[in-house]
Structure formats: structure tokens, C-alpha cells
**Q** 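One structure, pasted below without further comment.
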Amino acid sequence: MRHFITVAAASLSLAGCGGTLFPGAGTVEIAIQSTPAGADAITSLGPGCKTPCAVAVPSPTDDFSVSYALKGFEPMTVPVHITRSVGSLMTPPFTSFNPDPVVAQLQPVAPPKLPRRKKLTAGQ
């Protein structure tokens, strides 16, 4: 009986440490948006989508970024900061993102500058 209680107590104490033992295990979902909508967004972790969207990424262990591209607009990259909680016996581990959702305000591509015309002077 004592052996059973010891094993049960050890199992319970490890249950809250799943994220700590395997910090990169599993996936997490991240919301991605842009203004204007319809941009191609790709994470530095691999997965991407067309905004607005949510994408499942491998559970990150470090900060990452989301890069946006849309015809007629300047490309943009938004850094994403990761905060991880290892959890405890009473609370599960979690990962939070900043910003959440990841949003990009895309800027239109500036029109090309026209070459200056020479001013004509009298007699030319």
C-alpha cells in the first residue's frame, strides 16, 4: 500500500510539469491579422496563412516573427515575444504571445519618383 501511495504522489507531482519536461511539445494557435486584410503571412516557425486567420505553430521556446506580404504594399515583419508559465500542481502550463493577435498595418508602396524635367530657358 505504501508503494502505491508513493507512486501516486510522484505521478501527481509530475502531472503539472508536462510543459517543463518537454517545452517544445505540441502546438499552439496564434491569431494573425492585417490592415488591409488578404496579406500572405508566414511565421518564422514555418506555418503561414492569408489574413485574417489563425495558424497552429509548433509550441515555441523562443521569440519568433510574422512576415507579411501583399501586392501594392510594403512588406512588414512583426516580432512576437513569448511568455511561458511552467504551471504548478493546481494550474496548467501555458504560453502567451505579445502582441496577441499579431497585427500589421501595411503601408502602400510609394509611387516611383518621376525624373525632373529640365527647365527650358529662353533661347534654347
**Q** With the side chain counted from C-beta on, respond yes when Pro92 and Ser85 share a heavy-atom pair under 4.5 Å apart, and no when they do not.
**A**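 The answer is no, as the side chains (C-beta and beyond) never meet within the 4.5 Å cut-off.
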**Q** Taking atom CD of Gln33 and atom OG1 of Thr51, what is their separation to the nearest 0.5 Å?
**A**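 Reported to 0.5 Å precision, the distance equals 8.5 Å.
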**Q** Could you check Arg84 against Ser96 for side chain to side chain contact (heavy atoms under 4.5 Å, CB included), going step by step and ending with a plain yes or no?
**A** CA-CA 6 Å; Arg84 295 182 68 86; Ser96 65; over 6 Å; no
**Q** If the condition is side-chain hydrogen bond (donor to acceptor under 3.5 Å, both in side chains), which residues does Ser65 pass it with, not counting sequence neighbours?
**A**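 By the side-chain hydrogen bond (donor to acceptor under 3.5 Å, both in side chains) rule, Ser65 matches no residue at all.
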**Q** Suppose we screen for side-chain hydrogen bond (donor to acceptor under 3.5 Å, both in side chains). Which residues come up paired with Asp40, at least two apart in sequence or across chains?
**A**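 With neighbours one apart ignored, the set is Lys50.
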**Q** Going by the ring-ring contact (aromatic ring centres under 6.0 Å, His included) test, which pairs reach into residues 29-58, not counting sequence neighbours?
**A**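 Sorted pair list comes back empty.
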**Q** With sequence neighbours left out, which residue pairs that include part of residues 28-86 fulfil the disulfide (SG to SG under 2.5 Å) condition?
**A**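 Found Cys49-Cys53.
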**Q** Taking salt bridge (Lys or Arg N to Asp or Glu O under 4.0 Å) as the test, write out the residues that go with Asp63, two or more places apart.
**A**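 With sequence neighbours excluded, Asp63 shows a salt bridge (Lys or Arg N to Asp or Glu O under 4.0 Å) to no residue whatsoever.
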**Q** Any pair with a residue in residues 67-78 that passes salt bridge (Lys or Arg N to Asp or Glu O under 4.0 Å), sequence neighbours left out, goes on the list, sorted by first then second residue, please.
**A**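 Non-adjacent pairs meeting salt bridge (Lys or Arg N to Asp or Glu O under 4.0 Å): zero.
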**Q** Could you pull out all residues at least two apart from Pro75 that satisfy side-chain contact (heavy atoms from CB on, under 4.5 Å)?
**A**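 Result, side-chain contact (heavy atoms from CB on, under 4.5 Å) vs Pro75: none returned.
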**Q** For Val102, what are the other residues in its hydrophobic cluster, where any two members join if their side-chain heavy atoms are less than 4.5 angstrom apart?
**A**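 The other cluster members (ILVMFWY side chains, heavy atoms under 4.5 Å, direct or chained) are Val28, Ile30, Ile32, Leu45, Val55, Val57, Phe64, Val66, Tyr68, Leu70, Phe73, Met76, Val78, Val80, Ile82, Phe97, Leu106.
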**Q** Not counting sequence neighbours, which residues clear side-chain hydrogen bond (donor to acceptor under 3.5 Å, both in side chains) with Thr77? List them please.
**A**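 side-chain hydrogen bond (donor to acceptor under 3.5 Å, both in side chains) list for Thr77, sorted by chain: Ser67.
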**Q** For Ala37 versus Pro52, what's the shortest heavy-atom pair and its separation?
**A**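 Nearest pair, atom of Ala37 first, then Pro52: CB-CD, 3.9 Å.
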**Q** Listed by chain and number, what are the side-chain contact (heavy atoms from CB on, under 4.5 Å) partners of Gln105, not counting sequence neighbours?
**A**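 Counting only residues at least two positions away or on another chain, Gln105 forms a side-chain contact (heavy atoms from CB on, under 4.5 Å) with Thr35, Gln107.
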